[in-house]
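Scroll down for the structure; my scribbles are underneath it.
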Protein chains: 2
Amino acid sequence: MSEIDTRQRILDAAESLFMEHGFEATTLRRITGHAGVNLAAVNYHFGSKEALIQELFRRRLTWLNEQRLAALDRLEADAGGAPVKPSRILEAFFGVAVTMAADRAGGGHTFMRLLGRTYTEPSAFVRSFLAEEYSEAISRFKRALVRALPGVPSDEIFWRFHFMLGAMAYAISGADALNIIAEKPLDESDGGALYARLMSFLIGGLRAPLPAGLSQSVPTSPRKQSQKSAGKPRLVKRA
Amino acid sequence: MSEIDTRQRILDAAESLFMEHGFEATTLRRITGHAGVNLAAVNYHFGSKEALIQELFRRRLTWLNEQRLAALDRLEADAGGAPVKPSRILEAFFGVAVTMAADRAGGGHTFMRLLGRTYTEPSAFVRSFLAEEYSEAISRFKRALVRALPGVPSDEIFWRFHFMLGAMAYAISGADALNIIAEKPLDESDGGALYARLMSFLIGGLRAPLPAGLSQSVPTSPRKQSQKSAGKPRLVKRA
DNA sequence: GTATAATTAAAACATTCGTTTGAAACGGTT
DNA sequence: AACCGTTTCAAACGAATGTTTTAATTATAC
């Protein structure tokens, strides 16, 4: 087995196992077992589990954000100095992601679900890695949106961009979590339909009227939980 | 130290540590150390780490969804048979959540961030637990939305509800993940402002025009990553 | 005050993890 | 064929984890 094959098989196996069970719960033994390679191969080819994770994201994320920036470049070139339509900007950013998420055979689907979940990943090194990988694309798209929406405060645009990212991430990665909740599972087989649905939702949200009184307060004040373990001490069975 | 105190201190410590480092990376030793109790206390009072996690969610989630349902009950009673305004329904569902998230002193803020991240938690037992805890509230709010939006296909409503949940979860829990990305950190100190911003975004998305052609396809086809490790095998330093 | 149950405490348990080791197998070059 | 760097392999390492055990301590009831 050639070196590149081994690397690839490890990455592919890790991708789907991380997606299924998370980073910590996925052991190197399961990864290498699933990939059909020796346990030591991970440390040999990547150096550590952490480095494996980074390489796993790098190999897809770099491409993804390059596509996004290229699409934005094309839009701005076509517009010739004039601001680009907001819906076009969103299509460039989210369309590429949904496209990748629709690619089930090549693993893009798995990766995008993993990525969506990783946005809220607590571990520091993943977060800082994502931050670096995303910084250029995010800032350029923000700038484009600010230009495209004169009159809208840029803070508001940032927040809405934040909301949109969340909606997309959940649409892709949280699908089965919420399918359990839903009595009738949502059909996510048609990537095109998801794209159309998400896009009109996002554009609706982006173009929503600005909140009237920004200092308007939240309905009522919250209470701490009501400890219910009434009297009876919760006994744990012993052997 | 009374039993109830020990339980409470464990739960509180676990909540903030789980939020900070995730479930797997948070050890019982850190939890009990942070709570100032003995290591064995967790297994004595809760039975297992898994059961601790479930109790942690139960104590807040039950109250949260009761509040949501009570708010919906009031709305429907006030409407007297007529459909409730969609924006009102959203306020009932998301307002309670944002309210809880604004409660920093009582731990509601920490919990809501943890909850948001947990929607995409891979581990099976957490998912099935959440599903059960949410099922009533979700189905009742869905029904209310379907009534409130005649003419809109219920599938579309379900999807948008899904999107909205994602936007809210990220607004609350993914905040610092995206703050790293953002060059200027978003100010989330004002819970009321967040609420107003989120609400107008959500209502805008919910009321957006329906996607024109639902079978419309995604822009271009995706490519697998471009393996960049040109020739040079990546050597790992050995001792 | 004494008996009885509930809780805390310290120590050890078995397992599992990521990583390292040193030798064997492989591939290409001369 | 003999060499040499690369890759694979089985085995082991030390550390850390959730859990259990047994004894000491505290609270509660009679």
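Just so it is clear: chains get the letters A, B, ... in the order the sequence lines come, proteins before strands, and each one is counted from 1.
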Practice prompt. Could you tell me which residues satisfy side chain to side chain contact (heavy atoms under 4.5 Å, CB included) with B:A71, sequence neighbours excluded, listed by chain and number?
Written response: B:R74, B:A92
Worksheet item: Is any side-chain N of the basic residue among B:R59 and B:E15 closer than 4.0 Å to the acidic one's carboxylate O?
Response: yes
Looking at [X] and [Y], would you say the former's side chain and the latter's main chain have a donor-acceptor pair under 3.5 Å?
X      : Y      : answer
B:N65  : B:E133 : yes
A:R29  : A:L39  : no
A:H109 : A:A102 : no

To the nearest Å, how far apart are [X] [atom1] and [N] [atom2]?
X     : N      : atom1 : atom2 : value
A:Y44 : C:dA25 : OH    : C1'   : 13 Å
B:F46 : D:dT19 : CZ    : P     : 13 Å
B:D5  : C:dT8  : CG    : P     : 9 Å
A:R7  : D:dT7  : CZ    : P     : 10 Å
A:H45 : D:dC9  : NE2   : C1'   : 12 Å
B:N38 : C:dT8  : CG    : P     : 9 Å
B:R9  : C:dT8  : CZ    : C1'   : 13 Å

Worksheet item: Between A:T6 and D:dT7, is there a side-chain N or O to OP1/OP2 distance below 4.0 Å?
Response: no
Worksheet entry | Heavy-atom protein contacts under 4.0 Å, nucleotides 14-19 of chain C, coded B base, S sugar-phosphate only, - none | ---BBB
Worksheet item: B:F125 and B:I53: which non-hydrogen atoms are nearest, and at how many Å?
Response: CZ-CD1, 4.1 Å
